[in-house]
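What's counted below: heavy atoms across the whole structure, side chains too, no hydrogens, waters or symmetry copies. In this text, all values refer to a predicted model and were calculated from it rather than measured experimentally. In the text below, chain A, chain B and the rest are named by the order of the sequence lines, each starting its count at 1.
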Number of protein chains: 2
Amino acid sequence: MSETRWLGDDEQRAWRTYLRMQTRLAAALNRQLQTDSGMSLADYEVLVHLTDAPDGRLRPYELQRALEWEQSRLSHHLSRMQRRGLVERQDCPGDRRGAFVALTPAGREAITAAAPGHVETVRTLFFDALTPEQVDTLGQLAAQVLTRLDPASPAE
Amino acid sequence: MSETRWLGDDEQRAWRTYLRMQTRLAAALNRQLQTDSGMSLADYEVLVHLTDAPDGRLRPYELQRALEWEQSRLSHHLSRMQRRGLVERQDCPGDRRGAFVALTPAGREAITAAAPGHVETVRTLFFDALTPEQVDTLGQLAAQVLTRLDPASPAE
DNA sequence: TTGAAATAGATGACGCATCATGTATGTTGG
DNA sequence: CCAACATACATGATGCGTCATCTATTTCAA
């Protein structure tokens, strides 16, 4: 077993700062969505994907891959969203194992109402704080880390 | 009410990539700690702070501020860690409302055993993918976002 | 064609995070 | 001094995320 390559001071500081930003930013975005629109960031993402789909509906397995969620997470989450009337489950004629998840009118209204505020918050809290060069570097850097996390997947 | 300032394509892409990296990196770090050391990242952070404290113990309210956690989150979390024998609660002579949380020997062993693998994973998955300039930009950028999130706190 | 394997999805258990609330003790202004 | 307020901490309820497991159906190879 080789020596641990500990982090240097600069790395420590950058890492800690990144972690803090990540935690706080996520919390702020969730809080905004929750208080202004009564939904979580997870709800938001589900609704966005459904909105982009033809007829506002998708097979759960498609949604799962788009979101990169675990299957059971999605299933549980859809159950909760269904209970709140944001989506509904429909039979799938072509594959009797499967199903469709579809936006309800209420779900469509909810995402329509939520989107502007959410995007505005992302812009205000994040992009407005950064230069275009920083945004560019971040995108590039994140892609590199993604490649390292999973060399197979295209990091975008 | 003014027009929504939607995100441009570049911004969309950078934002999505950042979100993906964030999610996957956190998942990978949690997985590594969980499988190699049987603890979560949250456990790890609690143990690190206790290790750095004199006598390996702190008042819960100090720990809370250091971690920037909600009070009840910490309380619940300490209960679970106590149940697993990683920490113990002690009376606080000076303030009878209060308490101390202290590392147990098992807790100390756990963090000592977990740290090298965790740091190595952070280095491998994150720092090894980046140039020093990128690390620098990230730290700077994160500090700016933190300032925007909370102008009062020193973003460090 | 049929049995094995893969796929689609649901579910229960359990740890985690937050919110609302409760209790005890300390602090302070009148 | 003491009533009001603030602080330290715990707890119960509920939504969320993961793991293990289950069922039903489809696919595929011998």
Quiz item: Between A/R84 and A/P93, who's closer to the 5' end of DNA chain D by nearest nucleotide?
Solution: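 The 5'-side residue here is A/R84.
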Return the value, rounded to whole Å, for the distance between atom [atom1] of [X] and atom [atom2] of [N].
| X | N | atom1 | atom2 | answer |
| --- | --- | --- | --- | --- |
| B/R80 | C/dG15 | CZ | C1' | 6 Å |
| A/Q90 | C/dA8 | CD | C1' | 17 Å |
| A/R89 | C/dA8 | CZ | C1' | 12 Å |

Answer with yes or no whether [X] presents, from its side chain, a donor or acceptor under 3.5 Å of a partner atom in the base of [N].
| X | N | answer |
| --- | --- | --- |
| A/R97 | D/dT26 | no |
| B/Q71 | D/dA8 | no |
| B/S72 | C/dC19 | yes |

Which is true for [X] with a 4.0 Å heavy-atom rule: it touches a base, it touches only sugar-phosphate, or it touches nothing?
| X | value |
| --- | --- |
| A/H76 | base |
| A/R96 | sugar-phosphate |
| A/R59 | sugar-phosphate |

Quiz item: A/R31 or A/D95: which one's nearest nucleotide on DNA chain C is closer to the 5' end?
Solution: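 With A/R31 and A/D95 compared, the 5'-side residue is A/D95.
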Quiz item: From C/dC16, C/dA8, D/dC9, pick the nucleotide closest to the side chain of B/S40?
Solution: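 The answer is C/dC16, which lies nearest to the side chain.
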Quiz item: Relative to each other, are the rings of B/Y44 and B/H118 parallel, tilted or perpendicular (30° and 60° limits)?
Solution: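 Geometry flag for B/H118 against B/Y44: tilted rings.
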